[in-house]
Participant: 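The structure follows.
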Amino acid sequence: MIFLNRNVIIQPITSTKNFPMSTDAETPTYTKSALEFKSSSFSVPVLVLYSTELKQIQHQLKEKISQAPEFFKNSPLLIDLKNCNDHEQLIDLAALIEFLHHIKLFPIGISGGSDTQNITAHKLHIPVHNIHGVQSASKAPEKNEPNNTPIKANDETGKLLENKLISQPVRSGQRIYAKGDLIILSHVSAGAEIMAEGNIHVYGALRGRALAGVLGDTESRIFCTILQAELVSIAGHYKTSEEFNKVDQDQPTQIFLQDQALIINNL
Amino acid sequence: MARIIVVTSGKGGVGKTTTSAAIAMGLAKKGHKTAVIDFDVGLRNLDLIMGCERRVVYDFVNVINGEASLRQALIKDKRCNQLFILPASQTRDKDALTKEGVGKVLDDLSKDFKYIVCDSPAGIERGANLAMYFADDAFVVTNPEVSSVRDSDRMLGILASKSRRAEEGKEAIKEYLLLSRYSPKRVKLGEMLSVDDVQDILSLHLLGVIPESRSVLNASNSGTPVILDEESNAGQAYADVVARYLGEDIPHRFVNEEKKGLFGKLFRSK
């Protein structure tokens, strides 16, 4: 059993028709709209189950929660059943949900459930999601990007890393995005933009924009042989070249975050 | 199969058409059957530089639309029988060019010609994209100043990602740098980027440095490709470029300010 954070996107309703409201003639006509549908994205803990032993789950769940009681207090939760269903172990969903309510967790959906489980969920007013289908679809368009070699590696947390290695110069106007670390063996021209969810290494002159830790990883760093960047950023903290502190720009340089401040120094 | 060369830059006024005319003439004079195509539909210039503006009957767009055959539209150069010019249309705009149409014209020309030189318009829009899409080699013409260098850099990015070779996953377009309007004197005064400065940013194979020269304007005005002016620095520089492109190993000239001793040498060699 593990917890994962996933982005859940609430899709807007695009129908142009009005909602079937009361047609009663006495209903006053409102000129101002009282509601609106919007698309929003937020993080929700996902409870991934590997076992159907309710007792075992209850025990381990209590243990986990005791480690961070504030974090889990009244937290929404998505239940991922795919793994245990893949092993043809069907869990008693109703009992599980009752227990979750009991320990003050709010299940807001299930994913990867069987047909019977989905019906049970509906009866309990729990929506059915398909996070596995969404995930694979969002990964597909990655593949047709030229001149990159994704290197896949699993770190100890089980998170999938996709590093990217570029051996050609990154030209003005080009944008490169890496889901893991980004390694560039040539220079990055002014007007180019390189972004990585992890670290950025440039074995050449960095003249464009470099953004590391774009998903908020404050531990990520930028390394370059020659620093002539227009802008550098780590986890959203940025500096333009005007604000760079005095370092020897022709020496290998690293940029990292310390106490919310961007530090630039020679290696 | 012909080798398709695109002469491109991104920025305008750096000498693309002058270069196209010169290298096409240079290749033809070396005995290779060469066609040069003006992709600047709506702003036709190549015919003026080549001195054949009064012989234009049909143009590139007519051929694409099937209103004329290639044979009818190609203009044979009067100075060199290996050189043919396909002029652009002056009355149309770049939307008249289609990928299929351009591809078919280049395919047809490929059967008969050794080299096809595509004179790209400025910018990164349709005309420029189609001029480089089918290319095997790219001559990137750059002036030694920052805006031209950046635009060339942008163009190189497009060459690497949006060409036919890139889309089909074939070997990338061979890119060459041609530094034009170079003045060693002004480089020395710090008014102009040096060859090394430009190479530092673009890191490309340098095919030649064309010195700033009055002969270029004179050649344009008289409709004679500058390469035919063998007396001029620019003409000689273009001759070197063509020779280097064809594989000859020639040291670079016109990079440093001429010393007086060298002047004497030049006079003696004549």
Side-chain angles (χ1 to χ4, degrees), chain A residues 140-150 164-178 182-196 200-211 224-231 240-242 248-253, chain B residues 6 8-12 14 120 122-125 128-129 132-133 135 138-177 193-194 196-206:
Chain A
E142 278 279 305
K143 289 194 179 127
N144 49 25
E145 256 185 55
N147 65 23
N148 65 54
T149 333
K164 202 178 264 185
L165 178 78
I166 309 281
S167 48
Q168 301 293 318
V170 183
R171 304 290 184 183
S172 185
Q174 287 185 314
R175 299 180 81 190
I176 311 263
Y177 188 93
L182 179 58
I183 302 143
I184 301 196
L185 301 181
S186 188
H187 63 251
V188 177
S189 290
E193 198 167 62
I194 52 172
M195 289 172 287
I200 292 177
H201 304 255
V202 180
Y203 298 99
L206 171 58
R207 301 195 176 96
R209 295 162 161 244
L211 297 91
C224 60
T225 318
I226 296 169
L227 177 69
Q228 292 170 1
E230 296 168 332
L231 178 145
T240 58
S241 55
E242 271 188 356
D248 189 349
Q249 303 207 324
D250 294 332
Q251 287 295 313
T253 305
Chain B
V6 61
T8 186
S9 70
K11 195 173 182 293
V14 296
S120 170
I124 51 171
E125 276 76 45
N129 281 332
M132 67 91 196
Y133 184 76
F139 285 18
V140 179
V141 184
T142 306
N143 287 170
E145 47 100 12
V146 283
S147 58
S148 173
V149 172
R150 179 176 288 189
D151 289 359
S152 295
D153 195 44
R154 175 85 171 107
M155 203 62 223
L156 286 162
I158 294 171
L159 282 169
S161 60
K162 291 194 179 149
S163 65
R164 177 169 65 174
R165 279 172 174 267
E167 281 177 11
E168 290 177 0
K170 286 189 191 157
E171 192 191 341
I173 295 179
K174 277 214 183 81
E175 297 152 346
Y176 300 97
L177 176 64
L193 296 177
S194 71
D196 290 341
D197 292 338
V198 176
Q199 277 293 61
D200 192 34
I201 298 170
L202 296 179
S203 44
L204 278 186
H205 180 77
L206 181 68

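A note on names: the letters A, B, ... follow the listed sequences, proteins ahead of strands, and every chain is numbered from 1.
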Participant: Nearest 0.5 Å please: distance from the CG atom of B:Asp153 over to the CZ atom of A:Arg207.
Facilitator: 9.0 Å
Participant: Is the CD atom of B:Glu168 crowded by more than 12 outside heavy atoms at less than 6.0 Å?
Facilitator: yes
Participant: Provide the closest heavy-atom pair for A:Ala190 versus B:Arg150 in the form atom of the first, atom of the second, distance.
Facilitator: CB-NH2, 3.5 Å
Participant: To the closest 0.5 Å, what do you measure between CD (A:Gln174) and OG (B:Ser161)?
Facilitator: 5.5 Å
Participant: So what's closer than 4.5 Å to chain A heavy atoms on B:Leu204: side chain, backbone, both or neither?
Facilitator: side chain
Participant: Taking the side chain from A:Arg171 and the backbone from B:Ser152, do they hold a donor-acceptor pair closer than 3.5 Å?
Facilitator: no
Participant: So how far is it from A:Ser172 OG to B:Leu156 CG, rounded to the nearest 0.5 Å?
Facilitator: 10.0 Å
Participant: Quick check on the interface: out of B:Leu202, B:Ile124, B:Ile158, B:Asp151, who has the most heavy-atom pairs with chain A under 4.5 Å?
Facilitator: B:Leu202
Participant: For B:Glu145, give me all partners under side chain to side chain donor-acceptor pair (under 3.5 Å), at least two apart in sequence or on another chain.
Facilitator: B:Ser147
Participant: Provide the closest heavy-atom pair for A:His187 versus B:Ser203 in the form atom of the first, atom of the second, distance.
Facilitator: CE1-OG, 2.8 Å
